[in-house]
Amino acid sequence: MKWITWMVLAVGVWGLVGGCKDKGQRGSSSEILIGEFASMTGATATFGQSSHEGLMLAVEQVNEKGGVLGKKVKVISEDNRSDANEAVTAVQKLISRDRVVAVIGEVASKRSLAGGGVCQQYKIPMLSPASTNPTVTQVGDYIFRICFTDDFQGGVCAKFAEKRGWKKVAIFTDVANDYSKGLTAGFKDGYQGTIVADESFREGDNDFKAQLTKIKATGPDAVFLPGYYTDVVKVVKQARQLELNVPFFGGDGWDSPTTLAAGAVMDGCFYTDHYSPDDPRPAVREFIAAYQKKYARTPDAMAILGYDAGMVMMDAIKRAGKSEPAAIRDALAATKGFPGASGTITIDEKRNARKPAFVLELKGGKTHIADTIEPG
Amino acid sequence: MDYLTQQLINGLSIGATYALIALGYTMVYGVLRLINFAHGEVYMMGAVVAYWIAIGIAPWGWPVWGALAVIFGGAMGACAVLGFAIEFFAYRPLRNKPRLVVLITAIGVSLLLQNLAQTRYVFGPTPEAFPAVIEAKTVVRWTMGGPDNVVTVSNLDLLSLGLSLGLMGVLAWVVLRTRQGLALRAVSYRFDTSSLMGINTNRTISFTFMLGSALAAVAGVVDAIRYDVRPLMGLMPGLKAFVAAVLGGIGSIPGAFVGGLVIGLIETLVKGYLSSAYSDAVAFVVLIVILLVRPSGILGRYEAEKL
Amino acid sequence: MKDDGSRSRGWSVPAWGVNCALVVLVAGMWPLDWVLVEQMDEYYLRVLILVGLNVILATSLNLINGITGQFSLGHAGFMAIGAYATGSLMKYFSPTGAGAEAALLALLIVGGLVAAVAGLLVGIPTLRLRGDYLAIATLGFGEIIYTLIVTTDRIGPFEIGSSSGLHAIPIRTSFFWAYAGAIVCVASIWRLSYSAKGLAFRAVREDEIAAAAMGIDTTYYKVLAFVIGAFFAGVAGGLYATYDGNLAPESFRFTKSIELVVMVVLGGSGSITGVVVAAAVLTYLPEQLRFFAEWRMVIYSLALILMMLLRPEGLLGGRELLRWRRVAAATTVGGDAVQSGR
Amino acid sequence: MALLEISNLTVQFGGLRALSGFDFELDEGQLHGLIGPNGAGKTTAFNVATGVYQPTMGDVRLAGESVVGARPFEINRLGIARTFQNTRLFSGLTVLENVLVGFNQSVTHGFWGTILRTPHHQREDRMHEHEAMRLLERFGLANRSEELAQNLPYGDQRRLEIARALATRPRILLLDEPAAGMNPQEKIALMDLIRFIRDEFSIGIWLIEHDMKLVMAICERITVLDHGETIAVGTAAEVQADPKVIEAYLGEPVG
């Protein structure tokens, strides 16, 4: 048994010696260090890995062109196992061990809120690629995002539903997902018609026929489905099997090759997005081409937002002129009209991104723009 | 009426795959008194293997029945091998160790398969739709009460129910009519004495794992076709199938089948008539109530402890 | 190790001396806290504090699983109840100033008590269930708790936050609180299990029928183990809520419970010091494996399987580090061996 | 009125009548044997007397009070202790701890006393330990007190189980085949031990045993069961001469 005692002591001493405070100057190394925390494993690994790939592509492109401020940019990525507690640990490590000058993350608002608290405490700017809950950027003046907020996007969906003349709408929300719940709340605030059914499912569910049968019985004009692409196609397919043949519509969570690959079954459905794959703008075309070259896959919404988060962050560092957190923060706050792949991004005084929303209609595995709604 | 009928069809369709998974739980529990926590992951691997086979044979443009036969056969074979390997490498060396230790190992195997499937080398984290081998079609359709009150049954519902009924029949034949089945029954009745009776217990246990894993693979392929393939898809169906096995009386093969269908129905009816938010919790409430009221389950036998 | 009957067992130091030493030890965490905040890297300090919280969780689960032999897979549920009770009340009252530390202590105890009530409710089914059945029922309990949290926005004036999580909880927990909690928890459970009274817990684990024949109210001890275990899990939850200031419901699903069970088994079921060491190692190890990125959990699960195959009795195999005689064997925990059970 | 009185006890499992119309009396200081072929209902009688099974009919009274319906631990506290046919020691606990479990019910300090380790608690723990060691000395197990019960030789395990039962301070001790698996020397020692227990602790002992020699040698009275029915009661000599007993044992020479 002695060896166990010694092992414990050795690990303890190692921990203490390695655990002394590093008081070196942040950002003084030969590279610019940006930290990323993402759900690389666990329940929502798909989102974390997508946004990670987008970010790595952005960094690779910038480094090929000589980097930022004459230095190469290096991203240190930490996995949080899709857990909020781990997210805090990961951000803490990035800031105090790796001495990063800025942080990019997370997709899920819960984890952005958790990690954002640490960033705000150490005054390290954090840019979230895809956390849509309004409270995320309210954590403090160092927290930014480049995606829509839930209330904005929910409102866009409500406006669109009214423009279409849908008087009776059924709602089908993922209750375990705050993004989905946020959109539903935003939609309910803005929608003037009648909500005939308010049903829910839970992340990881596979069979939605019970709820869809219930929705069908209420005879809606359309179904609002603010979910992620991981569920959307399955829901619509099952609805069609039950002869629930009304349009489904949702938010940018739909954006994915999966949704397009489903083909004709998705015909006549709509979703809001920050860009359209048909968008002729060069930023979009170049991104899609580069992504396909590097990963041999079509990018989804998370990949685009991860890419843009990286681009906006590196642009801010360039404009700041030095890789110091406070200067980067100020530059981020001053971002205006940045030509991102996900739209032209302007950061407003609440540190949220303002960009126009497109409403895309699905037809035969392709999208076309059905409407454009400017932020109010 | 049409509403209830449709919900019952929905419930049976889900319950059929729970039943197939539950059979594996119950058989393994019967011979080893072990909750094979990794069983849900075997189901997931069945879906993953089927996915790769379907991608692989897609360019050849085989007829539907041929493609399905290869996909199901391949997934069943691969999972039988996987089930054998899990038992051989992870459980067999621990045969006489406390149950807790074996259960932890089972959890370890389950985590390993989940995390391996999340890497791009095996499958990757993103859910993928199954290649269009068979399109969902409504095959039975009738109206009840009025022209709008349609009840539909799809070919996938029939596939799911038909396969599980058919396999249940095959399983009954194997267990009741073959030598291997006799050995299985003997081992699950008395482990210690059956080996004295000249039964090769190790081979019987391997056989049980392979049989159970192949059934789970079928459930995995059915769900892959009608839903999609994802690395964590084994989690909830695995747990619910376990609940089904307990509900039916763990160790009882017909019990597992009935339990699976009942859990599918309960889940669907709760979603359809109460709130969908609570449907997962309801499965567990049912479990706890059953355990308290009738721990031997619907069709199980109660074993009193002998002093 | 003396064999004759004249030898006095247990502590040779008088109890008041040990009690004083414990008080001094807890008080000593206060200046240590100060030194660590000044000198230690915040990331390491965080890991150290998480070690403290996991020590409380694993030790309290050890009382239920390892010492009393009631296989529970729902410990994260108790933790969730404590975390949400303390967190929600803390957010509601937002105590500041001089009374804040006292308020934290009070709310931690409230969180623990709420969890203990849940422990009582879960403990009652244990009258009927054992082994695997109990394991799966407690797992179900944990999932029910998760579902309730995910679907509840608020209880009266107290915010729960449903699936969005509970945020902006006043942050109060420090190294001192985490380790004071850990010391109190470990000392209490040590004393409970290594006293004449506490022998009953282990007797229940070894053989319930024989224990009853020796006049031990097995039901009482089983429920008591759940209540005490749940209390400390609730306290750990409360500490966690007021350390991070954020709670997300999925942090308390059965993956967390399983993580805790693994700590108990790896430490050697029943061995309190072993479980403490395992809790520390298993909190620290994944941090060191960060280098492997997405392979990290693959390595973790492989290590778990290998550990079980090579050393199934756990690190200490039922022995205690500071007590060099064998105090309990883990060989019968969680029911009898596979297959020999009939 | 005897200390333990069992009257008209009937136990039915489904269609099987394990025990019917069983009457029995035992007083302090008595040694009463219970014999019969396998499946005669001997252990069932023990299980009813200790609350493991509920009787279908009839009564079990201890010092005049009925104990039917009481749970096993309550019956133990009222004064009936037992051993088991297949030893049920706490195999993962040490020899000393096994005996200390028996003292558990005499502990007067509570929950907080245990956690705070009050002086009262310590005194009491030490006292119990002392008593437990004395008990082990009498059973010749003192030098193995720190060994795990599962590592003891078989005969020692049997004796430890008796010591553990005595630690609960019973008035009646039920021994279920204590000599099973022992060699002749051990059996002789066991006979001495049982007599010694009766005299030293002045308790009533009720003994199930297959070894006729042992039963005949030490029991003042013997009850013979067959198929749940009492077929003979009396001294060793009376029982041995009973034709029904001889028939039950299929002509086996009795004694």
Side-chain angles (χ1 to χ4, degrees), chain A residues 39-50 52-53 81-82 172-176 198-217 219 228-231 233-235 237-238 240-244 256-259 261-265 295 297 300 302-303, chain B residues 2-7 9-11 13-15 17 114-115 117-120 124-129 131-132 135-138 141 148-157 223-224 226-228 230-233 235-237 264-265 267-273 275-281:
Chain A
S39 48
M40 305 291 283
T41 59
T44 54
T46 173
F47 307 134
Q49 293 205 10
S50 276
H52 172 71
E53 286 173 357
R81 291 195 281 162
S82 307
F172 195 31
T173 317
D174 176 356
V175 275
D198 192 356
E199 287 300 310
S200 61
F201 63 99
R202 230 164 74 174
E203 174 190 318
D205 280 2
N206 262 335
D207 200 285
F208 311 95
K209 282 186 173 171
Q211 297 98 312
L212 290 170
T213 305
K214 208 168 167 184
I215 286 174
K216 187 185 161 205
Y228 278 125
Y229 54 81
T230 46
D231 297 311
V233 178
K234 282 187 293 185
V235 172
K237 268 188 187 166
Q238 289 174 29
R240 299 308 181 229
Q241 278 173 39
L242 292 169
E243 302 192 3
L244 173 58
S256 151
T258 317
T259 312
V265 75
Y295 300 109
R297 274 195 298 280
D300 58 23
M302 298 305 160
Chain B
D2 56 317
Y3 180 70
L4 176 65
T5 312
Q6 185 69 62
Q7 293 292 27
I9 292 167
N10 298 342
S13 179
I14 314 176
T17 46
Q114 265 173 35
N115 286 298
Q118 284 203 344
T119 62
R120 298 239 183 253
T126 316
E128 301 285 353
E135 278 303 320
K137 268 198 296 272
T138 300
R141 181 178 189 282
D148 292 336
N149 304 340
V150 185
V151 178
T152 64
V153 182
S154 76
N155 51 351
L156 298 183
D157 293 334
D223 282 356
R226 61 177 169 182
Y227 311 132
D228 57 8
R230 53 178 75 200
L232 298 181
M233 67 189 276
L235 225 62
M236 279 327 273
L265 285 174
E267 194 187 313
T268 308
L269 293 178
V270 166
K271 281 182 192 166
Y273 287 94
S275 164
S276 43
Y278 298 106
S279 70
D280 285 350

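Sequence lines set the chain letters: A, B, ... in the order given, protein chains first and strands last, and positions in each chain run from 1.
- When heavy atoms are compared at a cutoff of 4.5 Å, A:Ala261 does not approach chain B at all.
- The OG1 atom of A:Thr230 sits 5.5 Å away from atom CZ of B:Arg230, with the distance rounded to the nearest 0.5 Å.
- Ion pairing between A:Glu53 and B:Arg120 holds under the 4.0 Å rule for side-chain N and carboxylate O.
- Interatomic distance, OG1 of B:Thr17 versus CG of A:Asp207, reported as 8.5 Å (0.5 Å rounding).
- Within the 4.5 angstrom heavy-atom criterion, atoms from both the backbone and the side chain of A:Ala43 approach chain B.
- For the atom pair OH (B:Tyr3) and NZ (A:Lys216), the distance works out to 11.5 Å, reported to the nearest 0.5 Å.
- Distance alone, capped at 3.5 Å, places no donor-acceptor pair between the A:Thr258 side chain and the B:Ala129 backbone.
- Of all the heavy atoms in B:Gln118 and A:Ala45, the pair that sits closest is OE1-CB, 3.8 Å.
- Both the backbone and the side chain of B:Thr268 come within contact range of chain A, with heavy atoms under 4.5 Å apart.
- The contact between B:Leu156 and chain A is made entirely by side chain atoms (from C-beta outward), counting heavy-atom distances below 4.5 Å.
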- [ ] Run the numbers on A:Lys234 and B:Asp228 for side-chain contact (heavy atoms from CB on, under 4.5 Å), then give the verdict.
- [x] CA-CA 8 Å; A:Lys234 282 187 293 185; B:Asp228 57 8; 3.5 Å; yes
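- We find the OG1-CG distance between A:Thr213 and B:Asn10 to be 4.0 Å, quoted to the nearest 0.5 Å.
- Within the 4.5 angstrom heavy-atom criterion, no atom of A:Asp300 approaches chain B.
- Under the 3.5 Å distance criterion, the side-chain polar atoms of A:Gln211 are left unmatched by any main-chain donor or acceptor of B:Lys271.
- Of the two parts of B:Asp2, neither the backbone nor the side chain holds a non-hydrogen atom closer than 4.5 Å to a non-hydrogen atom of chain A.
- Both the backbone and the side chain of A:Gln241 come within contact range of chain B, with heavy atoms under 4.5 Å apart.
- Of the two parts of B:Thr138, only the side chain, counted from C-beta on, holds a non-hydrogen atom closer than 4.5 Å to a non-hydrogen atom of chain A.
- The part of A:Arg297 that comes within reach of chain B is its side chain, from C-beta onward, which places non-hydrogen atoms under 4.5 angstrom from that chain.
- Taken from NZ in A:Lys209 to CZ in B:Arg226, the straight-line distance is 7.0 Å, to the nearest 0.5 Å.
- Atom CD in A:Gln49 sits 9.0 Å away from atom OG1 in B:Thr119 (nearest 0.5 Å).
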